[in-house]
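Here's the structure we're looking at; comments come further down.
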Amino acid sequence: MHAKIKEWTDVREPLIDIHNLSVEFQTSINEKTIALNNVNLAVNKDEFICVMGPSGCGKTTLLNTIAGMQAITSGTIMIGGKKVDKPSPERAVVFQDDAVFPWMTVEENIGFSLRMQKKTKKEMNETVERFLKLVKLEDFRTAWPKQLSGGMRKRVDIARAYAANPKVLLLDEPFGPLDIMTKEHLQEELRRLWQQAPRTVIFITHDLEEALYLGDRIVVMTPRPGKIHSVYQPNFPKDRDMSIKTSDSFVDYRKRIRSILKQEEKAQEWEGDGK
Ligand SMILES: Nc1ncnc2c1ncn2[C@@H]1O[C@H](COP(=O)(O)OP(=O)(O)OP(=O)(O)O)[C@@H](O)[C@H]1O
């Protein structure tokens with residue numbers, strides 16, 4: 001059995017406190033799937049956390065549970081001292097498939113939640129303007145979603161979630177279906193946006209490079225049952241660009257985490273053979 005790596009992580013001001021969280025799905029009368037097993041995690045206010053791991057390790061279940069969209073079997077999630085048990089506008093979710101409204105222009109999409117929150121016209125215009133600028137879509141304010149590329153629609157989606165002014169932004173593989181160039185461009189933009197408008201972000205991905213580039217901390221999950229294997233805090237510069245991907249430290253983290261995932265995969269194959 002390989003040694004588990006535990007790393008020093010710095011949680012000073014936790015906004016999110018996940019304690020002994022387990023989520024089970026009843027799959028038939030006598031069978032259940034343990035999607036999350038005893039997960040403990042604290043997330044600082046305005047921290048950018050990436051949760052990564054192979055398919056089926058419980059990433060989406062964790063995100064849905066934090067969003068309040070998935071019932072908890074045992075344990076608790078507290079956000080800002082309040083127990084999570086249902087969805088709230090304090091938590092905005094961005095999914096893999098963009099959720100822009102095709103019948104609204106770019107600026108109407110970004111202002112949607114502000115209209116729902118009954119903000120004044122002035123507040124709404126200022127916020128929409130700010131986020132149009134931050135995601136560099138000022139020249140497309142009156143465009144319809146079908147006139148935009150996939151990457152641009154994703155920027156509208158993120159701007160809309162941001163403009164709602166949530167305490168927590170939850171992103172579930174938002175760049176998953178995009179080509180590598182668009183993906184890297186959006187990763188840089190998201191990091192820049194987050195620096196200019198800090199928010200507590202939980203970003204789910206199965207892409208290790210994406211997790212290392214974006215996250216201040218990287219939570220590595222492993223499956224069967226879904227658990228946190230280890231947490232890393234690489235301390236890459238806050239203000240970063242794609243060049244960090246070739247740094248010795250980045251390459252070293254990538255090797256170490258990849259080797260953990262490989263060992264876990266092998267261990268599971270052995271377990272599978274033993275059945
Ligand atoms: N509604 C459900 N009913 C039954 N089982 C479920 C349900 N949702 C998830 N599961 C199971 O829970 C486990 C974790 O699933 P989850 O989707 O959270 O993993 P994931 O890491 O997000 O995977 P992926 O990267 O493929 O999206 C899997 O074994 C999955 O089959």
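Each ligand, and each atom within it, is numbered from 1 in the order the structure gives. Keep in mind the model is a prediction, meaning the values are calculated, not measured. Numbers here are sequence positions counted from 1. Values below: every heavy atom of this structure, side chains too, minus hydrogens, waters and symmetry copies.
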With sequence neighbours excluded, residues passing side chain to side chain donor-acceptor pair (under 3.5 Å) with K238: D216
Please list, one pair per line, the donor and acceptor atoms closer than 3.5 Å that link side chains of residues 62-70 to other protein atoms, with sequence neighbours excluded.
residue : atom : partner : partner atom : Å
T65     : OG1  : T61     : O            : 2.5

Is there a side-chain contact between S22 and L36 in this structure, where contact means two heavy atoms from C-beta onward sitting under 4.5 Å apart? no
Look only at the side chain of R141 and the backbone of E138, and say whether a donor-acceptor pair between them is shorter than 3.5 Å. yes
Between the protein and ligand 1, which nitrogen or oxygen pairs come in under 3.5 Å, and how far apart is each?
residue  : atom   : partner : partner atom : Å
ligand 1 : 18 (O) : T61     : N            : 2.9
ligand 1 : 18 (O) : T61     : OG1          : 2.5
ligand 1 : 19 (O) : G58     : N            : 3.2
ligand 1 : 21 (O) : G56     : N            : 3.3
ligand 1 : 21 (O) : C57     : N            : 3.1
ligand 1 : 21 (O) : G58     : N            : 3.0
ligand 1 : 21 (O) : K59     : N            : 3.1
ligand 1 : 21 (O) : K59     : NZ           : 3.0
ligand 1 : 22 (O) : T60     : N            : 2.9
ligand 1 : 22 (O) : T60     : OG1          : 3.0
ligand 1 : 23 (O) : G56     : N            : 2.8
ligand 1 : 25 (O) : K59     : NZ           : 2.9
ligand 1 : 26 (O) : S55     : OG           : 2.5

Could you note down all residue pairs passing salt bridge (charged side-chain N to carboxylate O under 4.0 Å, His left out) where residues 18-27 supplies at least one of them, sequence neighbours left out? E24-K32
N-O pairing of K154 and D157 below 4.0 Å: yes
